[in-house]
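These numbers were taken from a predicted model, which means no experiment stands behind them. We name chains A, B, ... by the order of the sequence lines, and we start the count at 1 in each one. Heavy-atom basis, side chains included; hydrogens, waters and symmetry copies ignored.
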Number of protein chains: 2
Amino acid sequence: MKLKNEIVQIDGIDKKILRFLMADARKPILEIARQIGISGAAIHQRLRKLESSGLISGSKFIINPKALGYNTMAFIGIFLDKAMSNPDAVRQLKQIPEVLECHYTTGNWSIFIKILCQDNEHLMNLLNKEIQTIKGVQRTETFISLNQQIERQIKV
Amino acid sequence: MKLKNEIVQIDGIDKKILRFLMADARKPILEIARQIGISGAAIHQRLRKLESSGLISGSKFIINPKALGYNTMAFIGIFLDKAMSNPDAVRQLKQIPEVLECHYTTGNWSIFIKILCQDNEHLMNLLNKEIQTIKGVQRTETFISLNQQIERQIKV
DNA sequence: GGTGAAATGCCTGTGGG
DNA sequence: CCCACAGGCATTTCACC
């Protein structure tokens with residue numbers, strides 16, 4: 001499965017297939033076949049091509065964090081000491097399962113993370129005991145998401 | 001499929017099943033069955049329960065945006081006029097397919113979004129022509145993600 | 001909760017247009 | 001790039017433990 005470093009060209013049929021599977025990864029291929037008027041074998045062929053082109057990077061069950069008691073999402077901008085090696089900080093952030101995303105960003109912060117906690121107390125503990133204690137972390141700025149209104153992938 | 005508003009209790013077998021399917025939604029149930037030493041029927045039963053409890057909120061094919069030429073991710077904090085009805089702004093943001101997430105947050109910004117663009121020029125166009133032109137948007141603060149190091153779901 | 005077996009239906013390779 | 005078909009499995013349900 002070589003990932004080519006080019007833009008993959010897809011046609012309308014590919015898009016239809018992808019839209020079905022992006023909404024429900026376990027939808028039977030033959031059902032998609034019936035709905036778009038093409039044979040199952042043709043869809044399998046197209047999917048193989050899309051996979052080896054690197055456009056499809058996998059599939060996931062999506063779990064609802066609220067059902068596990070995770071109700072507080074927050075974004076945290078992290079300021080690191082100038083001398084700090086950022087990859088070291090990232091390595092430590094990876095150890096914290098509540099950290100869902102981590103970015104190097106332009107602007108004031110060195111690192112920007114998205115984090116999911118059970119409640120505000122959990123968030124405070126993470127900040128005080130896990131994040132602020134990482135070597136090189138100077139200070140942080142936290143924004144709590146009161147409500148997420150959009151959550152999606154790029155449109156195909 | 002009623003979603004109960006409680007914390008769902010899951011055991012170690014549920015966790016194993018979920019971990020397999022969170023990594024690959026199309027993994028055959030019988031293969032999971034063999035790997036964790038339980039029958040396929042039992043897994044189906046557990047999955048039905050997990051779905052009706054609301055813990056599983058679906059499954060998705062994950063596509064690689066780079067393969068479609070989307071190389072620039074950015075976060076944008078949006079300041080709205082005090083008088084502005086935020087839901088109206090969100091409604092307009094929903095029309096912009098490049099907006100992948102949208103949150104109401106604590107702190108200075110009224111709204112915080114994650115956005116995926118092809119390049120910096122595309123980002124600039126979105127800012128100038130789509131976002132700044134939304135009624136009530138006063139100004140914005142943009143942070144470009146130079147590199148995303150972590151991307152995952154909450155651990156089960 | 002778990003199992004095993006049976007019916008149904010899917011996946012995927014091949015041959016051919 | 002597409003289809004049809006067939007063999008081998010996976011899925012799903014059911015009765016039962």
Parallel, tilted or perpendicular: which one describes the rings of B:F79 and B:W109, with boundaries at 30° and 60°? perpendicular
For the residue pair B:Q92 / B:Q95, report whether a side-chain donor-acceptor contact shorter than 3.5 Å exists. no
Are side-chain heavy atoms of A:Q153 and B:I63 found at a separation under 4.5 Å? yes
Could you state the atom-to-atom distance from CG of B:D11 to P of C:dG2 in whole Å? 7 Å
Whole-Å distance, A:H44 NE2 to D:dC9 P, equals 16 Å
For B:R26 and D:dT11, what is the distance between atoms CZ and P respectively, to the nearest whole Å? 10 Å
Between B:I43 (CD1) and D:dT13 (C1'), how many Å, whole number? 16 Å
Between D:dT13, D:dT11, D:dC3, which one does the side chain of B:L30 approach most closely? D:dT11
Tell me: CZ of A:R34 to P of C:dG9, nearest whole Å? 9 Å
Taking C:dG2, D:dC1, C:dG1 as options, the one with an atom nearest any side-chain atom of B:K49 is C:dG1
So which one's nearest nucleotide on DNA chain C is more toward 5', B:Q45 or A:P28? B:Q45
From C-beta outward on A:A42, which listed nucleotide comes closest to its side chain: C:dC10, D:dT11, D:dC3? D:dC3
A:R46 CZ - C:dT12 C1' separation (whole Å): 17 Å
Atom-pair distance (CZ on A:R48; C1' on C:dT12), nearest Å: 7 Å
Distance-only side-chain donor-acceptor flag, A:N86 / A:S110, under 3.5 Å: no
First encountered from the 5' end of DNA chain D, between A:G40 and B:E31: A:G40
Between A:E101 and B:K114, does any side-chain N to carboxylate O distance fall below 4.0 Å? yes
In whole Å, I'd like the distance from the CD1 atom of B:I36 to the P atom of C:dG2. 9 Å
For B:K27 and D:dA10, is the shortest distance between a side-chain N/O and OP1 or OP2 below 4.0 Å? no
